[in-house]
Amino acid sequence: MSERLSRLMPARLRQLIWPLMALAALLLFNGLFTDGFARVTIRDGHAYGSLVDILKLSSRVMLVSLGMTLVIATAGVDLSVGAVVAIAGSVAARLIVQQQIGLPMALAATSGLCLVLGAWNGTLVGWLGVQPIVATLILMVAGRGIAQLLAGGQIITVESSGFSFIAGGYFLGLPFPVTMVALMLLLTVALTRGTALGLFIEAVGNNETAALFAGVNPCAVKMFAYAFTGLCSGMAGIIEASDIKAADANNAGLYLELDVILAVVIGGTPLNGGRFDLAGSLVGALIIQTLTTTIKMRGVPVEYTLVVKAVVVLVICLAQSPELRKLLLQRRASA
Amino acid sequence: MNSASVISTDEAPLLAVRGVTKIFPGVRALDGVDFTLRRGEIHALMGENGAGKSTLIKVLTGADRRDGGEILFDGCSIDPRSPAEAQRLGISTVYQEVNLIPFLSVAENIYLGRQPMKFGRIDWKQINLRAAAALKHIDVEVDVARPLNSYSPAIQQMVSIARALDIRAKVLVLDEPTSSLDANEVRHLFAVLRRLKAEGLAIIFVSHFLDQVYAISDRFTVLRNGKLIGEYDAAKLPRLELIAKMIGKDLKAVEEMSARRGAEPVRTAHQPFLRVIGLGRRGSMTRFDLTIRAGEVVGLAGLLGSGRTETARLLFGIDRAEEGRMEIDGKLVTLTSPRGAIGRRFGFCPEDRKTQAVIPDLSVRENIVLALQASKGWLRKISTQQQQELVENYIKALGIATPDAERPVKFLSGGNQQKAILARWLASRPRFLILDEPTRGIDVGAKVEIEKLIARLCSEGMAILFISSELEEVVRDSHRVVVLRDRKKVCELTGGQIDLPSIMQAIAARADE
Ligand SMILES: Nc1ncnc2c1ncn2[C@@H]1O[C@H](COP(=O)(O)OP(=O)(O)OP(=O)(O)O)[C@@H](O)[C@H]1O
Ligand SMILES: [Mg+2]
C-alpha cells in the first residue's frame, strides 16, 4: 500500500506528507477540544483569532528557517541567528531614534549589516574551513554582547508608526509579517529552484568532494547560504523590535536558533545535509508555534510547556524516521 | 541451453539458496533465484551491471532482508538480520563499496566494534598484536598502528578481507574485491584465496574481469535481470558462451561483438592541445613532460601508487603544481582548482567512485547534469526539458539500468553508478577528458560500448588521458602510452611500440637503473 502511495505522489510531496499530517492532527485536535481555537473574526477588514496569531507569531521562525534550511542543506548549521536578531533590533532602533535617517534607509542599512554578519559566518565556514558549529558559536556569543553594547545596556523604545506597522500592521486582511514571509519564500524558491543554486547546495551538502570535482564552488555556495541566513535573521529582528516597539538586546531572539533548527528538521531536511525542503521548514515552524499556542490556551502549567513540546517533537521526528517505519512494518508483517 | 550441469548431491551443500526474491520499488532485483555453494569451492557470481549479484550477496549476509525464498546454511534455515549476525553464523563479507574508516588505524579497522577488553578498557596491545597476526595470515605485513588511509587501496582491500576473516568464517563473500588492485596484487590475493580454499573455506567471488574469474573459480552461477540463468562448471564453459549467457544474446552475436574490438582508430595529426613542461609537486609527482594532441588517446600505465592518479590530480588543478608550467593551445595557464580546469573544458572522471564522484541522494538526472551545469554557472539553469533529453540519451547510449532518471543514484548497482558518472563527464563536452579507471566495475558488454565511445569521441577531436590497471585496455585504446614508476615518468611508447610485453617491461624494469 505504501508502494502505491509512493508511486502516486512526486518525491518532494511525499517528503512533505508527514509534517503536513502532524500539523493537520494538531489543528484538528485543537479545533475539536480547545474552545475558541478555530474562531476567526473579521473586524475592519482585519482577521483576528488564534489561527491568525499562530501565523503572526511563527513569522520570525519561518523567516529564519528559510535561510537555515539552506545552511543545513550544505551540511552546516548556524547558531548565531538569535544574536543577529538582537543586533538587528538594536541597530534599527538606534538608527531610527538617534540618527533620524528615515525608516527605509534605516531598514535597508540594518538588513545590509545582517547580510554582512552572515557573510562573516560564510567566510569562516567556507573559506577558512572552520567547523560550522564553532564558527557560528563565535557570533552567537559575541553578537549578543555587541547588541547590548549598541543598545548601551538599555532598552531603546521606538515611537514610529511606520516602524510599528511592520509587525502590527495588516495587509490583505492578514498581519503584515505574513506578507513578508510569503515574499521571502517566493524569493528563496526563485533563487534556489529557479536557478541551479539549489542543485549546487544539495550537491555540496551530500558529497562535497564530488561536487568540487564536478566544478561546483563549495566556498561560494556556503557563503551564499550563510549570508542569506544573516539577511533572514535581520528581517526577523526588525519584526521582533517592531512588535514590542523597542530593542531589547538581552531577550530578542533568545533561543531562536533552537526553534529554527527544529522547524527545519521537522520539515524533513536532514541535519547531515543534502536534499532540502523549504515548504517543509515553514510547516515545521507552524507546528512549533501551534504547539506553543495550544499549550498556552489549554492552560497547561508553564513548567510543563517545554516538556510537552519536547515530547511532541520527539513523536514527530520518530514518525518521520524511515528506519522506525520499516521496523514497525516488519513487526506487523511477521506478527 | 541445457548445459546447466546437474550437481552431484553426494555431499550436502554448505549453503543452499532456494527461490529467493527481493523487490525494490520499481525493480525485481532477485526473482526466485537458486544458488548452491559447496565446501571448499570458489564460486563466481556472474552477470551484467544490475543483474542482482550484490543484492543476492546482501540478502545472504543480512544487509538486506529477502522478500521470499529460503536460505539453508549447513542444513538449517537461516534468516540473518544484519551482517554482524551473519558473521556470527560464519558468513563473512567484503561488500562492493568498502566501508572502513580512513582515519582510524589498521588495527582499529580490523577490530572495530569487537575490541578485546581488559579490565573494562580496550586492550590496545592485544588489538595490535592480533591485527598483525590476522594480516600475516593473508601474507600482508604492515605497521598496524598507522592510519588506514596512509596505505594504498590494495592494502586497504586486504585489511577489509582480514577483518572479514578474523572470526572463524566458513564462507567468505567478496564482491568485486579486485577492482582496485593491479596484476601483482591480484596474484597475491588469489594465492591467499587458494590457500584459504584448501583450508576448507567456501568463497563467493564477484568480478567483471573474465581472466580472473576463470583463473580462480571452480563454478559459476549466472544471473540476468534478477533471474537465475544457470550453474556451470568453470572448466566446461568457454568464455564466449559465458558472455552470451550473461548478456542474453546468442553466441554468434557475441563473437561479432568481440571481433570488433581492438580496431585501431586512425591517428589524426592535430595541433598539440595541452603541453606540460617539467610539472611536479613534492610527495606527489617528480617533474614530467607531457603533450596531448586533440583527437589523441594517451594511456597512462603503471602500478598502483606509481603516480597515475597524482598526475591526473595535477593536470586537473586539484593539487597545485609546485614547479613547471602548462600550456593550452600554446598559451600559458595556471590551474588552481577543478573549476578552473573545467572552465578550460577539462573533465576528470575520478578513480574513487564513492567518495569523489557519486552524489548519493541526488537523482540520476542531477548527477549527470551536474558538471555541465556547474560549467554554465548557477544563473544559466539548463531547462528541465533539456536535462531530460540529455539524460535519456546517455541512459540509452551507456545502457544505464535504472527504472527512471529521477531515482536517487545510490539505488543503482555499482557498475551503473559508474556509467552515470561517465555520462556526467561526457555530457559536459570537454576538450580534454581524464579517465581514471573508467571501466571499474563495468560489465563486459558495457566495456565494449565505452571503448567504442572513447574511439568515437577521439575521432571527433577530444583528447583523452586514459588511466587503467587493465593493461590490455590501455594497449587497445591508446595512441601513445606513458609509463610511470615510483612517481616518475619512465618512458613513452608510440605506435608499433605499444604492446603488452613492452609496457610490462617498462613497469617492471627496476634493477637496471
Ligand atoms: N537499495 C535499493 N533500492 C532500490 N533499488 C535497488 C537497491 N539496491 C539495488 N537495487 C536495484 O537492484 C538491481 C540489482 O542491483 P545489484 O546491485 O544487485 O546489481 P549487481 O549485479 O551487483 O551489479 P554491478 O555489477 O553493477 O555491481 C539494480 O537494478 C538496482 O538498481
Ligand atoms: Mg554489485
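When reading the values below, keep in mind they use all heavy atoms of this one structure, side chains included, and skip hydrogens, waters and symmetry mates. Please read all numbers here as calculations on a predicted model, not as lab measurements. Here is how names work: the chains are called A, B, and so on, in the same order as the sequence lines, proteins then strands, and each is numbered from 1.
- Heavy atoms from other residues, nucleotides or ligands lying under 6.0 Å from CZ of Arg407(B) number more than 12.
- Proximity to chain B involves both the backbone and the side chain of Phe213(A), based on heavy atoms less than 4.5 angstrom apart.
- Judged by distance alone, with hydrogens and angles left aside, the side-chain atoms of Asp361(B) form no donor-acceptor pair with the main-chain N or O of Arg275(A) at under 3.5 Å.
- Interface remark: Ile342(B) contributes side-chain atoms only to the contact with chain A (heavy atom separation under 4.5 Å).
- For Gln131(A), the CD atom is loosely surrounded, since the number of other residues' heavy atoms within 6.0 Å does not exceed 12.
- Heavy-atom pairs under 4.5 Å with chain B were tallied for Ala214(A), Ala220(A), Gly205(A); the largest tally goes to Ala214(A).
- There is no contact between Arg353(B) and chain A, counting heavy-atom distances below 4.5 Å.
- Contacts of Thr355(B) with chain A are made by backbone atoms alone, with heavy-atom separations under 4.5 Å and no side-chain atom involved.
- Taking 4.5 Å as the limit, some side-chain heavy atom of Leu370(B) sits within range of a side-chain heavy atom of Phe200(A).
- Rounded to the nearest 0.5 Å, atoms CD (Gln356(B)) and CD (Glu208(A)) are 13.0 Å apart.
- Side-chain contact between Gln373(B) and Val216(A): absent, with no pair of heavy atoms (C-beta onward) separated by less than 4.5 Å.
- Annotation: Ile133(A), atom CD1; neighbour count of heavy atoms from other residues, nucleotides and ligands within 6.0 Å does not exceed 12.
- Ranking Val221(A), Leu212(A), Asn206(A) against chain B, the residue ahead of the rest is Asn206(A), based on heavy-atom pairs under 4.5 Å.
- Looking only at heavy-atom pairs under 4.5 Å with chain A, the residue among Val369(B), Ile421(B), Val358(B), Ile382(B) that has the most is Val358(B).
- Trp378(B) CH2: more than 12 foreign heavy atoms inside a 6.0 Å radius.
- In this structure, the side chains of Leu199(A) and Leu362(B) come closer than 4.5 Å at one or more pairs of heavy atoms.
- Only the side chain of Pro350(B) comes within contact range of chain A, with at least one heavy atom under 4.5 Å from a heavy atom of that chain.
- In terms of modelled atom types and a separation under 3.5 Å, the side chain of Lys381(B) and the main chain of Arg193(A) share a donor-acceptor contact.
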